[in-house]
Number of protein chains: 2
Amino acid sequence: MDTTINKTIRKGSADKRGKIMAAARDLFLSEGFDRSSVDAVAAKAGVSKRTVYDYYGDKQNLLLAVVEETSSAVLVMIEQGISDHLRDFEDLEQSLILFCEQIVASANGSSDYMALIRLVMVEAANLPDSFLERLDNAKEEGIIRRFTEFGQTGLLDVPDPQMAAKHFAALTFLLAFNQPRKTGTWGDEQTKRMITEGVRVFLRAYAPRTG
Amino acid sequence: MDTTINKTIRKGSADKRGKIMAAARDLFLSEGFDRSSVDAVAAKAGVSKRTVYDYYGDKQNLLLAVVEETSSAVLVMIEQGISDHLRDFEDLEQSLILFCEQIVASANGSSDYMALIRLVMVEAANLPDSFLERLDNAKEEGIIRRFTEFGQTGLLDVPDPQMAAKHFAALTFLLAFNQPRKTGTWGDEQTKRMITEGVRVFLRAYAPRTG
DNA sequence: TACAAACTACACTGTACGGTGTAGTATAGC
DNA sequence: GCTATACTACACCGTACAGTGTAGTTTGTA
């Protein structure tokens, strides 16, 4: 989707555009939308404030672009995790753990899932119809597909793959993300243990029935 | 803790104080801290802006009071849910479901857990040392105690009650709260189903070993 | 009724910020 | 060199809002 305003579409450097996006993303995700001034975004991007307005029209539109870009990054990251760990593997438990760890680890970059959710929730009123819902559904899709297959091959007992995906997410990264982080980043030992335990509980509940 | 500023402690109407608190709570939780002006709080409380400042000193301090009050309300609400459903019961599954439904239902009032979490997360930088952590721990305590007992009486197999409490919360209300809500409130059929399924998965994973 | 505390109404200050307008500079293609 | 486009620097406007000061009004109480 094109999020630029009509009046002035700069053709030239997609470079500047990228720098503005990155700066806005960093600031919005860490400081929040209201607390980030356009002046600050411009300064961080190494660009004049006027250029920001020439590219994105107004602050609202910039937010929209940031949310779209970050959503996309999050989805790509999840897809990557699936490719890396849930296509070919030997130990299901170990693979699920690695998958989660990769997701959680990547939340300290341009695809911070939790920061995005927070931003979208707070700013929901000013965003087009339920961005959150779309993101929420899209995020699950890949996992649902894998779980469906696991069900078919008898690796798991999943009568409702969508619900199973929700449960899996809840027990692992959702739990990790909702954990108060002291140091500012995830990835510590406690988080790893939480993921491991979450995966085990999931597998215990969704193990194939042996009867 | 007394959150009033020193200079003028009004003795008279704790009534006004309550009205200001309620107004600030409603506005901060629904609109967010930055988006709520002190003028709006005063108007909603039916009180002059000056009175707000006389009682609470500044906006920051008002936020602090709101967070403390709401935290307290949330904890009381959880304790109430435990008393109502997890002390004496016949069917564990049914009781856990009722417990969760009560928690989720009460999130449309003065003890909106999720709104509080959101507020504290966004405003974390301006709040005393990790309010979030304290709230997070306190919230689990009651549940941990119940699960510990369930473990002792053989109702569940819980080697680590704290982790079990986290898993339970994740599978039920955490999941429900993170669900995008369209209508503005929870409590619909989909939420009920999610709670039911979450409780079942929890019980499947933590059932006593029959071996 | 008299007095003090509680409270309101309101004017006012300072500041931060979204957004615009514009003159001037850099740059690339002709 | 000429010209158009991209961009900066900067002044500027309007507004929203935190917080204060104060004069005057209400209200509880002796």
Side-chain angles (χ1 to χ4, degrees), chain A residues 3-28 30-67 119 122-123 125-127, chain B residues 2-24 26-28 30-67 119 122-123 125-127:
Chain A
T3 59
T4 56
I5 205 93
N6 278 347
K7 62 177 182 181
T8 316
I9 303 179
R10 293 280 164 99
K11 306 155 199 165
S13 59
D15 172 55
K16 301 246 168 190
R17 177 173 286 271
K19 278 181 181 168
I20 296 172
M21 259 298 320
R25 195 220 309 120
D26 288 358
L27 284 174
F28 289 176
S30 65
E31 306 294 318
F33 180 68
D34 292 312
R35 290 209 198 288
S36 310
S37 70
V38 177
D39 292 87
V41 171
K44 183 151 193 166
V47 143
S48 85
K49 170 166 143 180
R50 204 62 183 78
T51 301
V52 174
Y53 280 99
D54 282 342
Y55 272 102
Y56 289 95
D58 62 9
K59 203 187 175 192
Q60 224 13 259
N61 206 49
L62 181 56
L63 170 65
L64 198 67
V66 164
V67 169
L119 183 64
V122 170
E123 235 57 43
N126 310 322
L127 286 171
Chain B
D2 190 354
T3 59
T4 55
I5 205 89
N6 279 346
K7 62 175 184 184
T8 316
I9 303 180
R10 296 282 164 100
K11 307 156 200 164
S13 56
D15 172 54
K16 301 244 167 189
R17 175 173 287 270
K19 279 182 179 167
I20 295 171
M21 261 297 321
D26 288 358
L27 284 174
F28 290 176
S30 65
E31 306 294 319
F33 180 68
D34 293 312
R35 289 208 199 290
S36 310
S37 70
V38 176
D39 292 86
V41 171
K44 182 151 193 167
V47 145
S48 86
K49 170 165 144 180
R50 204 64 181 76
T51 302
V52 174
Y53 280 99
D54 282 342
Y55 270 107
Y56 289 95
D58 61 9
K59 204 189 175 191
Q60 217 25 252
N61 205 47
L62 181 55
L63 170 65
L64 197 67
V66 164
V67 170
L119 183 65
V122 171
E123 235 57 43
N126 311 321
L127 287 171

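Computation of the quantities below employed the complete heavy-atom set of this structure, encompassing side-chain atoms and omitting hydrogens, waters and symmetry-equivalent molecules. Only a predicted model underlies this, so the values are computations on that prediction, with no experimental measurement involved. Chain naming here is simple, since letters A, B, ... match the order of the sequence lines and numbering starts at 1 in each.
In this entry the distance linking CG of B:D15 with P of D:dT26 reads 19 Å, nearest Å. Across the protein-nucleic acid pair, A:D54 atom CG and D:dA4 atom P stand 19 Å apart, rounded to whole Å. Atoms OH (A:Y56) and C1' (C:dG19) sit 18 Å apart, rounded to a whole Å. Between the CG atom of A:D39 and the C1' atom of D:dC10 there is a distance of 12 Å, given to the nearest Å. One interatomic measurement links the two molecules: CG of A:N61 to P of C:dG18, which rounds to 15 Å at whole-angstrom precision. The separation between B:R50 atom CZ and D:dT22 atom P is 10 Å, rounded to whole Å. Following rounding to the nearest Å, A:I20 (CD1) and D:dA6 (P) show an atom-to-atom distance of 13 Å. Put simply, CG on A:D58 is 11 Å from P on C:dG18, counting in whole angstrom units.
Secondary-structure annotation of DNA chain C gives the stems C:1-30 with D:1-30, with a stem taken as at least 3 successive Watson-Crick or G-U pairs whose two distances both fall under 3.5 Å.
Contact check for A:D58 versus A:V38: no side-chain heavy atoms found under the 4.5 Å cut-off. Residues B:V52 and B:D39 are not in side-chain contact: their nearest non-hydrogen atoms beyond the backbone lie 4.5 Å or more apart. With a 4.5 Å cut-off on side-chain heavy atoms, B:V47 and B:Y55 do not count as touching.
Relative to the ring axis of B:Y53, B:K59 does not place its NZ or CZ within 45° and under 6.0 Å from the centre. By the 6.0 Å and 45° rule, A:R17 stacks over the aromatic ring of A:Y56.
Remark: B:S48 is not in phosphate contact with C:dC10, judged by side-chain N or O atoms under 4.0 Å from OP1 or OP2. Dashed line: the shortest gap from a side-chain N or O of B:Y55 to OP1 or OP2 of C:dC7 is under 4.0 Å. Regarding contacts with the backbone of D:dT27, every side-chain N or O of B:K16 stays at 4.0 angstrom or more from both OP1 and OP2.
Residue contacts shown for B:K49 include a base, since a base heavy atom lies under 4.0 Å away.
Residue-to-nucleotide proximity on DNA chain C shows that, of B:G46 and A:K59, the 5′-proximal contact is made by B:G46.
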Begin from the C-alpha positions of A:V66 and A:F33 and carry the test side chain to side chain contact (heavy atoms under 4.5 Å, CB included) through to its verdict.
-> CA-CA 10 Å; A:V66 164; A:F33 180 68; over 6 Å; no
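Side chain of A:S36 to backbone of A:E31: no donor-acceptor contact under 3.5 angstrom is found.
The side chain of B:Y53 sits closest to D:dT20 out of C:dT8, D:dT20, C:dG18.
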